[in-house]
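Working notes, beginning with the structure itself.
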2 protein chains.
Amino acid sequence: MQELDATDKRILAALDDDPRLPVMVLAQRLGLARGTVQSRLERMSESGALRPNSSRVLPAALGRGVAAAVSAELDQHRLNEAIAALRDIPEVLECHAPAGDTDLIIRVVATSPDDLYRVSEEIRLCPGIVRTSTSMFLREVIPYRTTGLLRE
Amino acid sequence: MQELDATDKRILAALDDDPRLPVMVLAQRLGLARGTVQSRLERMSESGALRPNSSRVLPAALGRGVAAAVSAELDQHRLNEAIAALRDIPEVLECHAPAGDTDLIIRVVATSPDDLYRVSEEIRLCPGIVRTSTSMFLREVIPYRTTGLLRE
DNA sequence: GCCGTACTGGTCAATCTGTTCAATAAAGCA
DNA sequence: TGCTTTATTGAACAGATTGACCAGTACGGC
């Protein structure tokens with residue numbers, strides 16, 4: 001992956017609210033030539049520095065107002081099996097392997113507390129998953145952002 | 001916030017890779033009138049169903065290849081103070097208040113394990129934060145996605 | 001001093017945008 | 001059932017934007 005430089009960050013920051021801002025507008029707003037902005041936008045989309053656009057969609061707008069983290073303990077021999085099964089659950093948004101006692105931390109969403117129970121059950125039943133512990137998020141204290149890092 | 005319907009989701013799914021796809025192309029690809037796509041795009045950006053574009057930027061592309069979750073225990077009387085302080089740390093990407101024993105779960109990134117130490121120190125020093133416990137992510141097993149939910 | 005790379009500022013035709021409009025579904029309600 | 005409201009369609013327009021070029025310039029490394 002390509003590291004983004006200061007100009008890239010300025011472009012991204014300017015696109016923050018409206019990613020469909022015309023290139024010309026961007027260019028004059030940033031004091032750059034149109035071609036420059038254009039080529040950098042192209043490079044950034046190619047380089048894989050950006051998540052797919054759908055990652056912008058708030059789960060709440062898809063009816064998933066409930067969020068939680070599920071910690072899972074694994075049968076280490078069946079790691080890949082478990083991951084494949086998790087990948088097939090749409091409510092699983094993300095999954096990390098932390099250092100420490102838990103093997104996986106799984107970000108999930110659901111339509112209701114009851115639905116969350118169903119989802120965590122579905123996770124518990126994945127092959128290779130031995131034990132899970134679900135902790136529901138009561139509040140989103142700071143919504144996901146990268147703005148601070150862009151301003152450096 | 002407005003709930004997204006099937007057409008909205010189809011539009012978003014079509015925009016998944018390239019959010020700058022021209023409206024005309026979208027319309028014919030989805031078999032819709034241009035005006036329809038246009039008004040829905042407008043409504044979606046207004047309705048707050050989408051995160052800012054900058055949330056697409058991978059921290060790794062900003063030199064933050066190290067990710068972690070910091071669990072924090074709070075002095076409950078100083079909750080807002082703590083949150084305000086956390087908001088000022090650019091490496092804090094997100095923060096949730098879960099049900100259970102920990103008060104806050106803080107998503108952070110850093111340039112290196114050493115830098116992660118610095119960041120978690122900075123969190124520990126926030127007013128109102130009593131104790132923290134950092135667990136570094138060794139691997140991103142499933143990168144953030146909402147694709148599954150969009151296809152419903 | 002030379003080279004490669006990136007940026008600038010300019011042009012071009014083709015396409016797209018924002019905006020209107022009347023006509024046509026579709027959906028909710030009496 | 002019939003009426004009202006709302007969303008969608010297809011069409012038109014002028015004006016702006018796009019992608020593709022180009023030659024000239026700035027800059028860092030060798």
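All heavy atoms count here, side chains included; hydrogens, waters and symmetry mates do not. Lettering of chains follows the sequences in order, A, B, ..., and the numbering in each one begins at 1.
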Audit row: B:Arg43, B:Glu46, salt bridge (Lys or Arg N to Asp or Glu O under 4.0 Å) steps and yes/no: CA-CA 5 Å; B:Arg43 185 160 44 78; B:Glu46 298 311 308; over 6 Å; no
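- An OP1 or OP2 oxygen of C:dG18 is reached within less than 4.0 angstrom by a side-chain nitrogen or oxygen of B:Gln38.
- The residues B:Arg64 and A:Glu3 are annotated as not salt-bridged, no charged nitrogen and carboxylate oxygen being separated by less than 4.0 angstrom.
- Distance, B:Ile11 CD1 to D:dA7 P: 14 Å, rounded to whole Å.
- Rounding to the nearest 0.5 Å gives a distance of 6.5 Å between OG of A:Ser47 and CG of A:Leu4.
- When rounded to the nearest whole Å, the span between CG of B:Leu26 and P of C:dT15 equals 18 Å.
- The CD1 atom of B:Ile123 sits 6.5 Å away from atom OG1 of B:Thr134, with the distance rounded to the nearest 0.5 Å.
- For the pair B:Met24 CE and D:dA16 P, the interatomic distance rounds to 18 Å; values are reported in whole Å.
- The CZ atom of B:Arg10 sits 18 Å away from the P atom of D:dA7 (whole-angstrom rounding).
- At whole-Å resolution of the value, CG in A:Leu21 and P in D:dT17 are 10 Å apart.
- Comparing A:Arg20 and A:Gly35 by the nucleotide of DNA chain D whose heavy atom lies nearest to each, the residue mapping closer to the 5' end is A:Arg20.
- Interface remark: the A:Arg34 side chain does not form any donor-acceptor pair with the C:dG10 base, using a distance-only criterion of under 3.5 Å.
- Residue B:Arg40 is classed as a sugar-phosphate contact, given heavy-atom separations below 4.0 Å to backbone atoms only.
- Across C:dT17, D:dT9, D:dT17, the shortest atom-to-atom separation from the side chain of B:Ala33 is found for D:dT9.
- What separates CD of B:Gln28 from C1' of D:dA11 is a distance of 15 Å, to the nearest Å.
- Distance, A:Leu41 CG to C:dC7 C1': 15 Å, rounded to whole Å.
- Candidate nucleotides D:dT8, C:dT17, D:dT17 were compared by shortest atom distance to the side chain of B:Val23, and C:dT17 ranks first.
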Check against salt bridge (Lys or Arg N to Asp or Glu O under 4.0 Å), A:Arg107 and B:Glu94: CA-CA 13 Å; A:Arg107 261 296 270 297; B:Glu94 200 179 16; 3.1 Å; yes
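- Protein atom CD of A:Glu42 is 7 Å distant from nucleotide atom P of D:dA20, rounded to whole Å.
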